[in-house]
Amino acid sequence: MTKERIKDLLDGGVADTDVTVEGWLRTVRHSKNVSFLDISDGSCMSGIQAVAAPELANYEAEIHKLTTGSCVRVDGRLVESPGKGQRFEIQARRVEVVGHSDEDYPLQKKRHSFEFLRTLGHLRMRTNTFGAVMRVRNAAARAIHDFFQRRSFIHLHAPIITLSDCEGAGEMFRVSALDPDRTPRTESGGVDYAQDFFGKEARLTVSGQLEAEIAALAMTNVYTFGPTFRSENSNTSRHLAEFWMVEPEMAFCDIQGNMDLAEAFLKDVTRDVLESCPDDMAFFNERIDQTVLETLAHIVEQPFERMTYTEAVDILQRSGRSFEYPVSWGVNLQSEHERYIVEEHVGRPVIVIDYPKEIKAFYMYLNDDERTVAAMDVLVPKIGEIIGGSQREHRLTQLRQRIRECGLPEEEYWWYLELRRYGSAPHAGFGLGFERLVQFMTGMGNIRDVIPFPRVPGFAEF
RNA sequence: UCCCGGGUAGCUCAGUCGGUAGAGCAGGUGGCUGUUAACCACUUUGUCGGGGGUUCGAGUCCCUCCCCGGGAGCCA
């Protein structure tokens, strides 16, 4: 008698062997002479059907009263199913009710709205969709580590708590051990953070990039894959207050090498997930977004288009389109502009580089034209920007100049500047929002449904 | 944060001109059946998102707040 996961039974089970499965009932169908239990253990899309006959000792007392959501352990014989709809089923020899489910179990056999399921964070993973999301998310995470490990990138654990507001990448959550009702004050009346836990004002990280640069200038190629926090009041289907970010950083690398890595990364990870989760992906293509497999095939098969910001502006201006936000050289590309270029003009992913320095961060490499920086955005259909990155400014003089131009306090970047004094090297990297990648690969419309426990303004339940 | 659209039974929704609320599903009871979101009959269930206002009377009209969705901004 072997205890196996349902996935393994359906993939490689041998008929007429004894098996044990443990899981939760998706549905139950009781007849007078037989009960059908659809058991799922989360290991794969489909469950397995167990058939229980009235001869079983606890049939009347327990089995016949089983309801959806109950947890059971079934010992029995794996047999070829005489019924339609499944290859194997289990002729139960023993059905143990591990955990009874009350009759007000909120998950029904019919389809639920994702909004409703969001209020059931403790149960929604038992549904088809969230099970599939969790498995694809897992496969994508593994694919990401595999991609970098194959290339000898070192996985860097960047800090969660940070003292620097460096990047200015967004509003940050404060971290404090002070009693909020009795905060110590300085003479000028402000909070005296010198008395706080770290002796300074501390926050949750918005990016591991600057720490990744430290590591790249010692280990050559590194990547971070960890949680990131933004306290912006963003109420959209693409933003979370807590999300996971992937940030590779490479020494001896310029914007071209950065683009090459980003493209290879998306292609490899996508291919990997398509191969490792065929059933889940078929489900998403059938029930969630009927173009998702086609879109992903494009990612894997077709080369990404590459263009400069200046060329993108030119395309938009000559498109004959009237955009809500007019296009001119120097303005940021809006969602509508990115979508036009990706979905209508090119029809496949696009990498845009060399943006005006005024609309990009201080740390980006100043190009020879002294008007643009070596920034890079990877744009994909529907999601828009999925990757943002740049070649970093590794020259001390230029970096100092840019910090001044951006009105940032030089002293707070002392270590970042020192990296440019002690063996600086050209380096580049990018950031990828992991949930946006999962959204893109599953076709799920709302980012709150591709993370197990979403944190957004006004909501952090479960 | 801004602009739209919503919030009615456990879920998904309908509710006409302002006249005191309905369907399907789920749950319950009974029946039937190697069933597949099973089926058939009967049946329980409502602070109509909260507060205020207009009115003889408000699910319906007005104000306000909260929440959800779509889009935008910010961004990943």
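Reminder, nothing fancy here: chain letters follow the sequence lines and each chain counts from 1. Quick caveat, the model's predicted, so the values are computed rather than measured.
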Task: Footprint string (nucleotides 1-14 of chain B, 5' to 3'): B base within contact, S backbone only, - free, heavy atoms under 4.0 Å - done: B--------BBS--
Open item on the list: So if I define the base as every atom that isn't primed, P, OP1 or OP2, how would nucleotides 39-49 of chain B read as a B/S/- string at a heavy-atom cutoff under 4.0 Å?
Closed with: -----------
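In this entry B/C61 has B/G53 as its Watson-Crick or G-U wobble partner, both defining distances falling under 3.5 Å. The partner of B/A23 is B/U12, judged by Watson-Crick or G-U wobble contacts that both fall below 3.5 Å. B/G5: Watson-Crick or G-U partner is B/C68, with both key distances under 3.5 Å. B/G18 makes up no base pair with any nucleotide shown, lacking Watson-Crick or G-U wobble contacts both under 3.5 Å. Remark: B/A38 base-pairs with no nucleotide; criterion is Watson-Crick or G-U wobble with both hydrogen-bond distances under 3.5 Å.
With hydrogens and angles ignored, no donor-acceptor pair closer than 3.5 Å exists between the side chain of A/Gln334 and the base of B/G71. Applying the 3.5 Å distance criterion, the base of B/U35 shares a donor-acceptor pair with the side chain of A/Gln86.
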TODO: Evaluate the side chain to side chain donor-acceptor pair (under 3.5 Å) criterion for residues A/Ser81 and A/Glu89: first the C-alpha distance (whole Å), next the side-chain angles of each, then the deciding distance (0.1 Å), finally the verdict.
DONE: CA-CA 5 Å; A/Ser81 177; A/Glu89 65 184 25; 2.9 Å; yes
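Along RNA chain B, the nucleotide nearest to A/Gly445 and the one nearest to A/Glu242 differ in position, and the one closer to the 5' end is contacted by A/Gly445. Comparing A/Met245 and A/Pro457 along RNA chain B, the residue whose closest nucleotide (by nearest heavy atom) sits nearer the 5' end is A/Pro457.
Counting heavy atoms from C-beta outward, A/Leu432 and A/Glu247 have side chains that stay 4.5 Å or more apart.
Residue A/Arg29 places at least one side-chain N or O closer than 4.0 Å to OP1 or OP2 of B/A38. Using a 4.0 Å cut-off, no side-chain N or O of A/Arg238 falls inside it from OP1 or OP2 of B/C74.
Note: A/Phe434 and A/Phe225 meet the aromatic proximity criterion, with ring centroids under 6.0 Å apart.
Considering A/Asp354, A/Thr310, A/Asn367 as possible partners of A/Thr372, the one that fulfils the side-chain hydrogen bond (donor to acceptor under 3.5 Å, both in side chains) test is A/Asn367.
The aromatic rings of A/Tyr223 and A/His155 lie parallel to each other, with less than 30° between the two planes, well short of the 60° mark.
Judged by distance alone, the side chains of A/Asn233 and A/Asn235 do bring a donor and an acceptor atom under 3.5 Å apart.
Within the structure, the ring-ring contact (aromatic ring centres under 6.0 Å, His included) test picks out the following pairs touching residues 39-83 of chain A (sequence neighbours left out): A/His30-A/His64, A/Tyr59-A/His64.
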